[in-house]
Structure formats: C-alpha cells, structure tokens
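Below: the structure, in structure tokens.
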Amino acid sequence: MDPIAKLDESITTAPENIEAAETLSALEEVETRLLGKDSVVGEVRRSMGGLEKELRPKVGAKLNEATGLIQDLLDEKRNELQDQELELQLRDEAIDVTLDAVSFPRGRLHIIQQTIDEVIDIFVGLGYQVADGPEAELAWYNFDALNTPSTHPSRLESDTMYLDWGDPRDEVLLRTHTSPVQARWMESHEPPVYIVVPGRTYRTDTVDATHLPVFHQIEGLAVDENIVFSDLKGTLLHWAREFFGPQSQVRLRPSFFPFTEPSAEMDVSCFACDGGEPGCRVCGGAGWLELLGCGMVDPNVLEAAGYDPNRVSGFAFGMGPERLAMVRHGIDSIKHFIDNDLRFLGQF
Ligand code: PHE
C-alpha cells in the first residue's frame, strides 16, 4: 500500500480512535498508537529516506498534514477530558455548605458563682480586698476566736460536722460559716481591714427547699478607726441598690450573733412589688426580703485578734448567695442548684 493511502486511512480513522478514549491515560495510549514510533505516521516518517525523490515532497506534505490533523484532534480531546476530570474532582471534593455544622454547647459559670462574682465586684468597687480561708477549720477560728462560748448549741455535733473531735484545743471541723476568715485575716494583717470572703460552708442540715448541708456564704469585714453603725447600714444599702436596683431600701431588725454587738438581720425592700403588694410572687406580700446577718464586731473578737478595741472598731456581715439567687430569680427550691440539670442552669 502506498504511503499516501496509508496516511489518508490514518487521517480517516483517527477521529473515531480518539473519540473512543474516555480518560487521559487512555488518550495517551491512543496518541502512541497514532503518532508513536510504530504508528503509520511513524513508519512513513522512517521510510522517507528510502523513497524516490519525486515522491518525497508529496509524501512529506501528507505526513505533515496527517501529523498536524491528528495532533489537533488529540489536543482537543485532551482539553475536553481535562475539563471533565476537573469537573469530577470538584464534585467529589465539594463541601455542602448548607449542612448543619457540628455545634459544641458553650459552657458558662454556675448561677451561684455568677452571684458571688457580682457581689464581690460591688465590694471591690468600694475598695474591699477578696480573702479566703480553709474549709476544714480549727474549732478555735470557727467558734472561740469569734466569741462563741464553749456551751453554744451551734457547736454540737447536731449542727456542726467534725473531722477531728475531742480535745477542744485542736478540734477540726467543716466551717459552718465564713466568719472564721475574719479572725484569720485580722491575726495576720493590721487595720484598716476591708475584706469580702466568698466560700463554701457546711452544716448538718437536712436537705429541704431552703437548706443544703453544703452551701456558700460571702462574709464582709471592715475594721478601721471610727467605724460606726451607720457605716454598716450605708455600705449594705449601697450594695443592695447595686444588686437589686436603685430604688431598694434596707431595714435592720435586732438579732444576735456571738461575734457582733449589736447584731442585726437586714431586709431589703421587695424589688418585684416595691413594698407590699398582696400575694407578690417574690415577697408574698410582706414587702421585705430577709437577706443577711450583720453587726458591729464584738470588742472581744477584735481583742482575740490582737487589735485594740479602744482604737479601732468595725462591722461585719454574712450573706448566702443561694438565698440571693433564689430571691432574685424566683427559684422555689435550693435543690435546683445542685441537680446539674442543664435546662435549669442554662437559664442563667
Ligand atoms: N456568720 C453568720 C451566719 O452564718 C452571719 C454573720 C456574719 C453575722 C457576720 C454577723 C456578722 O449566720
């Protein structure tokens, strides 16, 4: 068969061969078959030297034509296949942006910690320092240093959890209030003293709607020259207005604590009904909310700490963040705080 006819046949059959390739690697094989060493084109190119002179230009022209045409077809197909493969790859690797992202629930501080932080912030704003002390406490700091007589009923095992019980000089207990930190702080610091003490406290209380055996207190202590009862009232009024709102009023009722004299319970006017709406959901119509214990630091407590009661005086108070949070948010049972139910905790 003459080379021109062979090349023509090659040109004619090339399109269907090329069209049949479905992948880039298949197309490479086709390319070798059509233009490689052993292809018709390859053979004719090799035989050119042996051709008669007058045939050479014709065959040469046909050879160029065939090579050019086939190459063009191959290039065209290669582009097409490359586009297809890119398309497939993009489809494979596509990210469905309409799909919901995996969301991690965000944690937050427990409502009791939030309440503590808020109260502390108010006192820090007045220049108070934050102090703390041990939860496993010597009976001395929990009771004796606070002017509590050895016969006081709160010392009984029915009220206080003892870790080490017996010799009164080194009895260890779980502190029943944060007040022992008053004694500890004064023992190691000179006046003036302005501290707030948040912390955990323990009593042998049976769990009910308002009692837990483990709860919290925030203690306050101010000792300086010329501190008088109106400083106590003014400070707590300021706190109440920051915490419950600027319209709040406070009132003090006589009370008793071994470590303060005089002692008082402080009530704040109901923030929900502003004082005396019958059946108010917060105060029940009383108009006042009982909040905390307070008083002027007993001179015996100052003396036990090594302070001179003739030179300095002070006031102290203790409040329960559980009670504060319950009053403020209308929470009906203290047990909610320890149930760890996120439906409850997530509300604050
Ligand atoms: N420690 C007292 C209590 O737990 C509260 C209190 C603190 C009262 C400071 C007066 C002064 O009830």
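One-based numbering, in listed order, for ligands and for the atoms of each.
With hydrogens and angles left out, the side-chain atoms of Glu219 and Thr178 include a donor and acceptor closer than 3.5 Å.
When only non-hydrogen protein atoms are considered, atom 5 (C) of ligand 1 lies nearest to Gly318 CA, 4.0 Å. At the top of the distance list for atom 12 (O) of ligand 1, counting protein heavy atoms only, stands Phe257 CE2, 3.7 Å.
Taking 4.0 Å as the cut-off between side-chain N and carboxylate O, Glu43 and Lys6 count as a salt-bridged pair. Salt-bridge annotation for Lys62 and Glu65: present, with a side-chain N of the basic residue lying under 4.0 Å from a carboxylate O of the acidic one.
The distance between the ring centers of His329 and Phe348 falls below 6.0 angstrom.
Checking side-chain atoms of Asp341 against main-chain N and O of His336 turns up no donor-acceptor pair under 3.5 Å. Using a distance-only test at 3.5 Å, with no hydrogens or angles considered, no donor-acceptor pair links the side chain of Asp224 to the main chain of Ile227. A donor-acceptor pair is defined here as one N or O able to donate and one able to accept, closer than 3.5 Å; no such pair exists between the side chain of Ser313 and the backbone of Pro309. Side chain of Tyr162 to backbone of Leu156: no donor-acceptor contact under 3.5 angstrom is found.
Ring planes of Trp239 and Phe123: parallel class, angle under 30° (limits at 30 and 60°).
Residue-level proximity to ligand 1 for Glu265 is absent, since no heavy atom of it falls below 4.0 angstrom. Residue-level proximity to ligand 1 for Cys294 is carried by the backbone, the only part with a heavy atom below 4.0 angstrom. Residue contacts with ligand 1 for Phe317 involve N, CA, C or O but no side-chain atom from C-beta outward (heavy atoms, distance under 4.0 Å).
Contact analysis leaves Arg175 out of contact with ligand 1, as no non-hydrogen atom separation drops below 4.0 angstrom. For Met319, the closest heavy-atom approach to ligand 1 does not fall below 4.0 Å.
Polar contact with ligand 1: present for Arg203 (N/O pair, distance under 3.5 Å). In terms of polar-atom proximity, His177 is counted as a contact of ligand 1, with an N or O under 3.5 Å from an N or O of the ligand.
For ligand 1, the atoms sitting less than 4.0 Å from at least one non-hydrogen atom of Gln217 are 3 (C), 4 (O), numbered in the order shown with element in parentheses. For ligand 1, the atoms closer than 4.0 angstrom to any heavy atom of Ser179 are 1 (N), 7 (C). Close contacts between ligand 1 and Phe259 involve ligand atoms 1 (N), 2 (C), 6 (C), 7 (C), 8 (C), 9 (C), 10 (C), 11 (C) [criterion: under 4.0 Å to a heavy atom]. Near Gly293, the atoms of ligand 1 lying under 4.0 angstrom from a non-hydrogen atom of the residue are 6 (C), 8 (C), 10 (C). Close contacts of ligand 1 with Ala316, meaning ligand atoms under 4.0 Å from a residue heavy atom, involve 9 (C), 11 (C).
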